[in-house]
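Structure first, commentary second.
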Amino acid sequence: MNHHTYRSSRPYKYNHFPDSDLVQLLLFYILPFLIVNSIIFFLVTTKPKYEVVIEGTNDYRTTDVTFTIKSIMPLKEVTIKMDSQPLDLVKVGKRTYRSTITHNGALEIYMKNFNGMALLEYEHIDILDDEPPAIEDYLSEDGLLSFTIIDTQSGIDYASISALTSTGQQILPLTIDKATGRVSFQMDPDGLSVTVKDMSGNEYVTTFSLNEQTVPGDSGEAAPGTPDGTA
């Protein structure tokens, strides 16, 4: 009688699970080490953060500035200055402050966290009208003085335009062209002091006078001297 021997063909299964010691090493040593060092790195290197919103202006005289602290770390020091003077801030929220600005300039913002990290940054404000109008293209001819008034922000207050003669008499313009800003006066040979304001109240005063020299190539008419303006 023939005897047959059978062998099992079922493959042997290997255990691929990591050793429990390796799992403990990862969970209780390496992973906590990475987490703790990441937190330490974050705490040591985090810089202060803020947000500044410069609002628009309706009168070109004032604008509101809102300052919000965005830092996660506690702050050790915060200083906000404008023109080297501390800014007057009013608290309007938990970490939000507001101030009214009356002239152009640069906000100097200094912040320092308790971790020693600090920042110094500048925010520029240039939307306000704190400059007087300018006078250009002045001409004296046939006893008339004419010039162009320029103001690119709040605009020219045409009702404010007047002049004083050498005897102190106040006179008004002969003509005003609001489309071009061109204005004319009856010229006083002894000098004419002209005053003009913009809609923000900035005033410009300048004096025109006729010199004793005629312009070369001119037909004998005296030319106005350079106006001496004071804001």
Side-chain angles (χ1 to χ4, degrees), residues 26-136 149-161 178 181 195-205 229-231:
L26 289 172
L27 291 178
F28 298 104
Y29 293 95
I30 297 179
L31 187 58
F33 175 81
L34 294 175
I35 293 175
V36 170
N37 279 272
S38 297
I39 293 174
I40 293 174
F41 179 80
F42 173 79
L43 295 177
V44 170
T45 61
T46 298
K47 289 186 176 183
K49 294 182 179 179
Y50 71 89
E51 180 183 70
V52 167
V53 176
I54 301 173
E55 300 179 7
T57 178
N58 295 322
D59 57 7
Y60 290 94
R61 297 180 183 180
T62 62
T63 184
D64 288 333
V65 174
T66 303
F67 176 78
T68 303
I69 298 173
K70 295 290 186 177
S71 297
I72 298 176
M73 291 284 295
L75 291 171
K76 185 177 182 180
E77 184 179 354
V78 180
T79 303
I80 304 178
K81 296 180 180 180
M82 188 166 186
D83 298 335
S84 301
Q85 297 297 322
L87 200 62
D88 186 17
L89 295 170
V90 177
K91 190 172 184 179
V92 295
K94 185 176 181 180
R95 307 185 83 188
T96 301
Y97 302 84
R98 181 172 295 166
S99 181
T100 299
I101 306 298
T102 58
H103 61 278
N104 293 324
L107 294 176
E108 177 186 298
I109 300 171
Y110 176 79
M111 303 174 67
K112 186 176 183 179
N113 281 345
F114 267 97
N115 62 0
M117 298 298 289
L119 65 78
L120 176 62
E121 295 185 359
Y122 296 88
E123 302 285 345
H124 294 277
I125 299 175
D126 58 3
I127 63 173
L128 301 181
D129 186 0
D130 53 11
E131 294 292 332
I135 289 180
E136 300 179 351
I149 304 173
I150 305 295
D151 191 277
T152 59
Q153 288 189 293
S154 62
I156 303 165
D157 181 4
Y158 287 99
S160 71
I161 302 173
K178 294 183 179 181
T195 299
V196 58
K197 296 181 181 180
D198 61 20
M199 299 303 293
S200 294
N202 300 306
E203 183 180 85
Y204 182 74
V205 180
T230 57

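This chain uses plain numbering: 1 for the first residue, then up along the sequence. For clarity, every value in this text was computed on a predicted model and none was experimentally measured.
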Just to verify, what does [X] make a side-chain contact (heavy atoms from CB on, under 4.5 Å) with, not counting sequence neighbours?
X	answer
D83	H103
Q153	Y60, D129, D151
M199	S154, D157
R61	D59, S200

Heavy-atom side-chain proximity of [X] to [Y] below 4.5 angstrom:
X	Y	answer
I101	T62	no
P48	L75	yes
S71	N113	yes
I109	E123	yes
E131	N202	no
V53	V65	no

Exercise. Got a sec, which pairs hit side-chain hydrogen bond (donor to acceptor under 3.5 Å, both in side chains) with one end in residues 89-101, sequence neighbours left out?
Worked result: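 Qualifying pairs, neighbours excluded: D64-T100, T66-R98, T68-T96.
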
Point-to-point distance, once rounded to the nearest 0.5 Å, from [atom1] of [X] to [atom2] of [Y]:
X	Y	atom1	atom2	answer
K81	E108	NZ	CD	6.0 Å
L89	L87	CG	CG	5.0 Å
D130	D198	CG	CG	9.5 Å

For this session: Ignoring hydrogens and angles, tell me if any N or O in the side chain of N104 forms a donor-acceptor pair with the backbone of I127 under 3.5 Å.
Result: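 Yes.
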
For this session: Check S160 against K197 and note the closest heavy-atom contact, atom names and distance.
Result: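 For S160 and K197, the tightest heavy-atom pair comes out as OG-N, 2.9 Å.
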
For this session: Return the minimal non-hydrogen interatomic distance between Y158 and G181, and the atom names on each side.
Result: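 Reported closest heavy-atom pair: OH-CA, 3.7 Å.
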
For this session: Under the side chain to side chain contact (heavy atoms under 4.5 Å, CB included) rule, what do I69 and M111 come out as? Steps first, then yes or no, please.
Result: CA-CA 10 Å; I69 298 173; M111 303 174 67; 4.2 Å; yes

Exercise. Please, which pairs that meet ring pair (Phe, Tyr, Trp, His ring centres under 6.0 Å) have at least one residue in residues 62-88, sequence neighbours excluded?
Worked result: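 For residues 62-88: Y50-F67.
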
For this session: Start with the C-alpha distance between I161 and I149, add both sets of side-chain angles, then the distance that settles side chain to side chain contact (heavy atoms under 4.5 Å, CB included), and finish with yes or no.
Result: CA-CA 10 Å; I161 302 173; I149 304 173; 3.5 Å; yes

For this session: Give me the one residue out of K47, M117, E77 that meets side chain to side chain contact (heavy atoms under 4.5 Å, CB included) with K112.
Result: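 Single pass found, and it is E77.
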
Problem set entry | Y204 vs I135, side chain to side chain contact (heavy atoms under 4.5 Å, CB included): CA-CA, chis, key distance, verdict | CA-CA 9 Å; Y204 182 74; I135 289 180; 3.8 Å; yes

